[in-house]
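Hydrogens, waters and symmetry mates are skipped; everything else that's a heavy atom, side chains included, is used. Nothing fancy with the numbering, it's 1 onward along the sequence.
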Amino acid sequence: MTLRIVLFGPPAAGKGTQAQRLVERFGLVHVSTGDILRRAIKEGTQLGLQAQRYMDQGKLVPDDIVMGLVKSVLRDNVQEQGFVFDGYPRTVTQAQNLDELLGRQRAIVAVLSLEVDREKLVARISERRVLEQRKDDSLEAVGVRLDAFHAQTLPLKQYYAAKGLLIEVDGTGSPEEVFSRIVSKIS
Ligand code: ADP
């Protein structure tokens with residue numbers, strides 16, 4: 001099955017976990033802009049330095065930076081057909097850009113929206129704070145991230161619904177439960 005999927009959802013909805021499972025099951029290329037940006041920061045690249053001040057505060061990194069990164073990932077994978085985009089796109093501008101980059105031949109086939117309410121998200125992030133020590137998991141940054149999701153990312157749902165691509169999935173319960181919901185919706 002050739003899948004090109006966008007995993008959509010608020011911070012801590014479980015996008016990374018489900019993306020990993022989709023990669024294992026369907027052999028997709030995983031494109032996580034969060035991971036790419038964190039790697040750039042670790043490597044201390046110019047771009048990483050630019051991105052870091054936004055990320056630490058919980059703000060979205062500017063579109064042109066993120067779109068440039070995804071463009072080069074797609075250029076490195078011109079032969080690939082299957083992709084899971086995780087944490088990308090996050091703005092309507094990024095979504096339009098992704099459509100252009102993929103073209104008709106490799107268009108997105110489904111957008112899976114992981115539905116988890118705000119209370120649960122905050123609880124999940126508090127747990128993760130202890131384990132992972134991500135700077136943007138601080139209470140303050142989490143508030144900013146959730147607000148950014150509502151203001152800048154949520155409008156994308158309408159964008160994809162209008163294209164008939166949006167599939168809502170209950171994101172609560174164990175990772176296994178969520179994954180089996182996903183598989184049953186896409187197959
Ligand atoms: P989460 O979904 O839990 O917020 P991510 O790893 O996807 O985790 O994102 C972490 C941070 O990286 C975001 O808060 C933002 O600063 C930056 N980021 C990741 N992807 C994007 C994107 N597509 N556009 C803008 N900023 C992004």
Side-chain angles (χ1 to χ4, degrees), residues 5-24 28-74 76-77 83-95 97-98 111-157 169 171-175 178-179 182:
I5 292 176
V6 170
L7 268 181
F8 181 87
K15 300 184 296 289
T17 306
Q18 298 304 324
Q20 206 51 53
R21 285 166 189 257
L22 286 163
V23 166
E24 284 161 20
L28 310 175
V29 176
H30 184 193
V31 183
S32 160
T33 44
D35 287 351
I36 297 169
L37 289 164
R38 278 185 289 273
R39 208 176 308 134
I41 291 174
K42 224 185 208 166
E43 289 166 358
T45 64
Q46 188 60 36
L47 196 143
L49 286 174
Q50 271 180 299
Q52 184 167 25
R53 48 199 178 103
Y54 296 97
M55 288 177 78
D56 284 351
Q57 293 176 61
K59 293 181 184 162
L60 290 189
V61 173
D63 283 338
D64 52 351
I65 296 182
V66 180
M67 294 186 315
L69 285 171
V70 173
K71 188 175 181 178
S72 80
V73 171
L74 291 175
D76 293 341
N77 288 281
F83 290 90
V84 54
F85 295 95
D86 155 13
Y88 182 85
R90 257 175 155 101
T91 63
V92 173
T93 305
Q94 291 178 17
N97 184 249
L98 181 63
V111 177
L112 298 165
S113 172
L114 295 177
E115 306 288 319
V116 181
D117 66 37
R118 191 175 175 121
E119 230 171 80
K120 279 216 181 67
L121 295 171
V122 173
R124 282 185 186 178
I125 294 173
S126 312
E127 284 170 30
R128 186 164 86 182
R129 194 177 297 137
V130 186
L131 300 170
E132 286 185 26
Q133 307 193 331
R134 260 172 65 170
K135 228 183 200 166
D136 63 349
D137 278 349
S138 72
L139 217 55
E140 207 183 338
V142 167
V144 176
R145 280 158 68 200
L146 289 169
D147 291 346
F149 175 75
H150 283 277
Q152 291 165 277
T153 308
L154 213 48
L156 266 183
K157 253 180 130 167
V169 180
T172 61
S174 70
V178 177
F179 188 62
I182 287 178

Contact summary for [X] and [Y], nearest pair of heavy atoms:
{"X": "Leu146", "Y": "Pro11", "answer": "CD2-CD, 4.0 Å"}
{"X": "Ala51", "Y": "Leu37", "answer": "CB-CD2, 3.8 Å"}
{"X": "Phe8", "Y": "Lys157", "answer": "CE2-CG, 3.6 Å"}
{"X": "Thr91", "Y": "Leu156", "answer": "O-CD2, 3.7 Å"}
{"X": "Ala13", "Y": "Leu114", "answer": "O-CD1, 3.7 Å"}
{"X": "Arg53", "Y": "Gln57", "answer": "O-NE2, 2.9 Å"}

For Gly14, is there any backbone N or O sitting under 3.5 Å from a side-chain donor or acceptor partner on Gln18?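 No: the side chain of Gln18 does not pair with the backbone of Gly14.
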
Test your reading of the model: is there a side-chain donor-acceptor pair from Arg145 to the backbone of Asp136, 3.5 Å cut-off? yes

Glu119, CD: over 12 other non-hydrogen atoms inside 6.0 angstrom: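 12 or below, so no.
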
Might you confirm whether atom CG of Leu139 has over 12 heavy atoms from other residues, nucleotides or ligands at distances under 6.0 Å?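 No, not enclosed.
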
Can you tell me how far the OH atom of Tyr54 sits from the CG atom of Leu60, to the nearest 0.5 Å? 11.0 Å

Just verifying a value: how many Å separate Leu28 CG and Gln20 CD, rounded to the nearest 0.5 Å?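 That separation rounds to 11.0 Å.
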
Among Leu69, Leu47, Val66, find the residue that satisfies the side chain to side chain contact (heavy atoms under 4.5 Å, CB included) test when tested with Val61. Val66

Residues forming a ring pair (Phe, Tyr, Trp, His ring centres under 6.0 Å) with Phe179, sequence neighbours excluded: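 Phe179: no ring pair (Phe, Tyr, Trp, His ring centres under 6.0 Å) contacts found.
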
Check Lys71 with Asp63, please: is the shortest side-chain N to carboxylate O separation under 4.0 Å?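 Looking at Lys71 together with Asp63, the answer is no, because their closest N to O distance does not fall below 4.0 Å.
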
Test side-chain contact (heavy atoms from CB on, under 4.5 Å) applied to Arg90 and Gln152, step by step: CA-CA 7 Å; Arg90 257 175 155 101; Gln152 291 165 277; over 6 Å; no

All pairs passing salt bridge (charged side-chain N to carboxylate O under 4.0 Å, His left out) where residues 34-47 contributes a residue, at least two apart: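 Passing the test, one end in residues 34-47: Asp35-Arg38.
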
So do the side chains of [X] and [Y] get within less than 4.5 Å of each other, counting heavy atoms only?
{"X": "Phe85", "Y": "Val73", "value": "no"}
{"X": "Phe83", "Y": "Asn77", "value": "yes"}
{"X": "Leu121", "Y": "Val142", "value": "no"}

Output, in order, the C-alpha distance, side-chain angles, deciding distance and verdict of salt bridge (Lys or Arg N to Asp or Glu O under 4.0 Å) for Asp86 and Arg21. CA-CA 12 Å; Asp86 155 13; Arg21 285 166 189 257; over 6 Å; no

